[in-house]
Amino acid sequence: MAIDIQMPALSPTMEEGTLAKWLVKEGDTVASGDVLAEIETDKATMEVEAVDEGTIGKLVVADGTEGVKVGAVIAQLLEEGESADDLPDASAKPAAKPSDDEKGDTDPGTAGPAHPENENADRDGSEGQAPVGKPVADDPAIPTNIKMVETTVRDALRDAMAEEMRRDETVFVMGEEVAEYQGAYKVTRELLQEFGAKRVVDTPITEYGFAGIGVGAAFGGLKPIVEFMTFNFAMQAIDHIINSAAKTLYMSGGQMRCPIVFRGPNGAASRVGAQHSQDYSAWYAHVPGLKVIAPYDSADAKGLLKAAIRDPNPVVFLEHELIYGESFDVPDMDDFLIPIGKAKIRREGSDVTITAHSRMVKFALEAAEILAGEGIDAEVIDLRTLRPLDTDTVIESVKKTNRIVCAEEGWGQHGVGAEIAAAVVAEAFDYLDAPPARVFQKDVPLPYAANLEAMSLPGTEDVVRAAKAVLYV
Amino acid sequence: MAAKTSKTKTGPSKTRKAKPRPSDKDELLGLYRDMLLIRRFEERAGQLYGMGEIAGFCHLYIGQEAVVTGCKAVMEEGDQMITGYRAHGHSLACGMSPEEVMAELTGRAAGCSKGKGGSMHMFSTENRFYGGHGIVGAQVPIGAGLAFANKYHENGAVSLAFFGDGASNQGQVYEAFNMAKLWDLPVVFIIENNQYAMGTSVERASAETELHKRGISFEIEGHLVDGMNVLEVRDMAKMALDHARSGKGPIILEMKTYRYRGHSMSDPAKYRTRDEVTKTREESDPIEAVKARLLKEKWADEDQLKQIDKEIKDTVKAAADFAVETPEPEPSELWTDVLIEVEA
Ligand SMILES: Cc1ncc(C[n+]2csc(CCOP(=O)(O)OP(=O)(O)O)c2C)c(N)n1
Ligand SMILES: [Mg+2]
């Protein structure tokens, strides 16, 4: 029987692509591993290789065809003894794409762009616009009448680094694949071209070593931005982040300064298992001597990263792979800074306060929208900075709503939500009409299986449920 | 410490190359099958990834098959293997079934790690395969730790720790080297130098690019091996295993090899030319080399080799079908294996 060759998905989120070029023609014999065709996605050109051997019976999809759906039959391969006349009509066949049902991952945690280790990891995984809550321009940090430019979180981070590097010659970037490869997630795209190899430095895979070199360079008067390919790998370097960067100012009686930014994606990625999916928010937020930032949208990513680079202290800047590709407004102004240590009320409400940071803000806003549909008026606070933690804004809110849900992506025990709940209980106990509720990841290492992964990560529904619980509805 | 300083310097020496042992028909056919199984398995895994059945990262071993196959051929009962995230080939070589490896890739309950680990986290204690580790370099001290236990138990087993050229720059590798030699642990360090760590070539990441020399300052001898030649791998691995087993401590083998595919599944590999890949495939493919030898010695004819290929393809196809059809883990599995329950 002839073998159908299907349009492959080159990432978990790819749905269609362009069949750029066939490298074989009908009648050619091919063996396993032979390159059959080139496929273009929006960011990359990839090769399709033969798995089975045989003779190309029919090229079903022509060179240059755009929008070829993943799973569609693109060619038919004849096995020994078959001829092209035996071929059934492939065009009539529906594309064999697994239904969402079969994939079993409706949870938001399983959607997203391709992998950090991939060149085309910047393919946007999001559909439509992510929720923002109140318009960015409402931020007191932004003057009115400023033009807004829609920017991905990825580009906002890039722009922040580029602007600060233009402004201050002592700022430089180092990390794995940041220069020639343009960043494992493309966050450092084109920095090498603009600033050269002296200031955009590719390192070997030696996190402990280059974090230490970064700290030393900061002691020596530079302002390093150290990129970790993901924060999972920063565990190799956490000794320098805490013992060397965070503590030295204190230990030296104020003599030794360490103006450094440690940044990179933090938290869950899609289907990469326990060692590549962990939220370190609570880990770093625990440590005096550090500032810890975890922005959600593009404006905060840009304004806070610029502030972090200028800050004279060591800053841990936690990004999120699964929102790199989402677009939000960024004010088009020369020097757009967001103050470190200020939470932002993204949605005003009177019935319940929901706190979140990083990607959880998206789910909190979605939950607030659902709750609004049921007549519940939720206030959503984006923490933005985890250390120093803006408890004032949270307490003020609770005094108004009398109820709080603390949501985070990471594990609950000793988590960010635990800290906020403790602060609220200590400072606004008399205002509470219900015990604080928390939303967090299931208390297990993140599993790989699609169904188990979906069960593990908190999402919109969990926030809705928690809000209803504190409202006793 | 006098004993240490008076020790004769071993250093890296290519002179200790094992005398090539002749190969017979059955052995060579066996090696051919083993390598072909890995290749066909990986091709099928790549296809399943393209169909959305496998997600996340999926690092294929295509091109490097001779390394693990040659090593496994001379390992003895009780010897252990450990590697990084590029682990499918090692799993199969250790004797794990294509079904359980493929089902792990699709995240199913029948997977070797019950679907909880995925592509990078294959394990089988039964087959003495200790993973499947996602943090670059971590398997090196862990492999030395397995050797520590072997020495402690005096069980005569050797552990083989496989790691990449990129991993060879991690600091913990050198901490492990030092202790392994200090305590003469029975471990073979196998550097799979496929010449790239993601998009970074060895030259751009390593001050000393001859990675087999990385043990010099620890007095660990190292050898450069043609990792595309399964018989040379076999012989050097035998020599190294004998060395470690005899109480002489660790030894380093740098296997020069090549990965044909991208680092992970959707890496368009702009850091190297297609010509470079094609040339390696055409001129030094480890499987083609064995095939040519089998034909030349008349140990097999084209038809027999085709038959072998067909059998392997059928095996792999069956494993793929199984992996797609077999169910996902029970939801209750989310909560198991976090800790071992201890009676109060
Ligand atoms: C500590 C750590 N840093 C970074 C990564 C991301 N990463 C995964 S594989 C890889 C390249 C490793 O290359 P090499 O050791 O040569 O092995 P190969 O992939 O070639 O088999 C990198 C940087 C990681 N998994 N762990
Ligand atoms: Mg490598």
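Lettering of chains follows the sequences in order, A, B, ..., and the numbering in each one begins at 1.
Side chains of A:Q278 and A:M235 form a contact here, defined as non-hydrogen atoms less than 4.5 Å apart.
Ring planes of A:H240 and A:Y208: tilted class, angle from 30 to 60°.
When only modelled atom types and interatomic distance are considered, B:S119 and B:H88 share a side-chain donor-acceptor pair under 3.5 Å. Side-chain atoms of A:E53 and A:T29 form no donor-acceptor pair, as typed in the model, at a separation below 3.5 Å. In this model, a donor atom of one side chain and an acceptor atom of the other lie less than 3.5 Å apart for A:E321 and A:Y185.
With salt bridges taken as basic N to acidic carboxylate O contacts below 4.0 Å, none links A:D52 and B:R40.
Of all the heavy atoms in B:L36 and B:I287, the pair that sits closest is CD1-CG2, 3.9 Å.
Legend: residues meeting ring pair (Phe, Tyr, Trp, His ring centres under 6.0 Å) with B:F123, ordered by chain and number and at least two apart, are B:H133. Every residue meeting the side chain to side chain contact (heavy atoms under 4.5 Å, CB included) condition with A:P8, not counting sequence neighbours, appears here in chain and number order: A:L10, A:I39, A:V48.
Of all residues in residues 329-340 of chain B, those placing a non-hydrogen atom less than 4.5 angstrom from a non-hydrogen atom of chain A are B:P329, B:E330, B:P331, B:E333, B:L334, B:W335, B:V338. For residues 272-286 of chain B, a heavy-atom distance under 4.5 Å to chain A picks out B:R274, B:R281, given by residue number.
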Practice item. Evaluate side chain to side chain contact (heavy atoms under 4.5 Å, CB included) for A:N451 paired with A:M455, printing each intermediate quantity in order. Key: CA-CA 6 Å; A:N451 63 333; A:M455 286 167 67; 5.5 Å; no
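Neither the backbone nor the side chain of B:K310 comes within less than 4.5 Å of any heavy atom in chain A. Interface remark: B:L105 contributes backbone atoms only to the contact with chain A (heavy atom separation under 4.5 Å). For chain B, the nearby part of A:E38 is the side chain; its heavy atoms alone come within less than 4.5 Å. In this structure, chain B has heavy atoms under 4.5 Å from both the backbone and the side chain of A:E207. No part of B:S168 comes within reach of chain A, as not one of its non-hydrogen atoms sits under 4.5 angstrom from that chain.
Taking the ring axis of B:Y61 as reference, the NZ or CZ atom of B:R259 does not stay both within 45° of it and closer than 6.0 Å to the ring centre.
Contact count versus chain A (heavy atoms, under 4.5 Å) is highest, among B:Q172, B:Q47, B:R261, B:K317, for B:R261. Chain A forms more heavy-atom pairs under 4.5 Å with one residue of B:G46, B:S113, B:G118 than with any other, namely B:G118. Of all the listed residues (B:R39, B:Q170, B:E104), the one sharing the greatest number of non-hydrogen pairs under 4.5 Å with chain A is B:Q170.
Here the rule is salt bridge (charged side-chain N to carboxylate O under 4.0 Å, His left out) with B:R108, and of B:E100, B:E325, B:E53 only B:E53 fits it.
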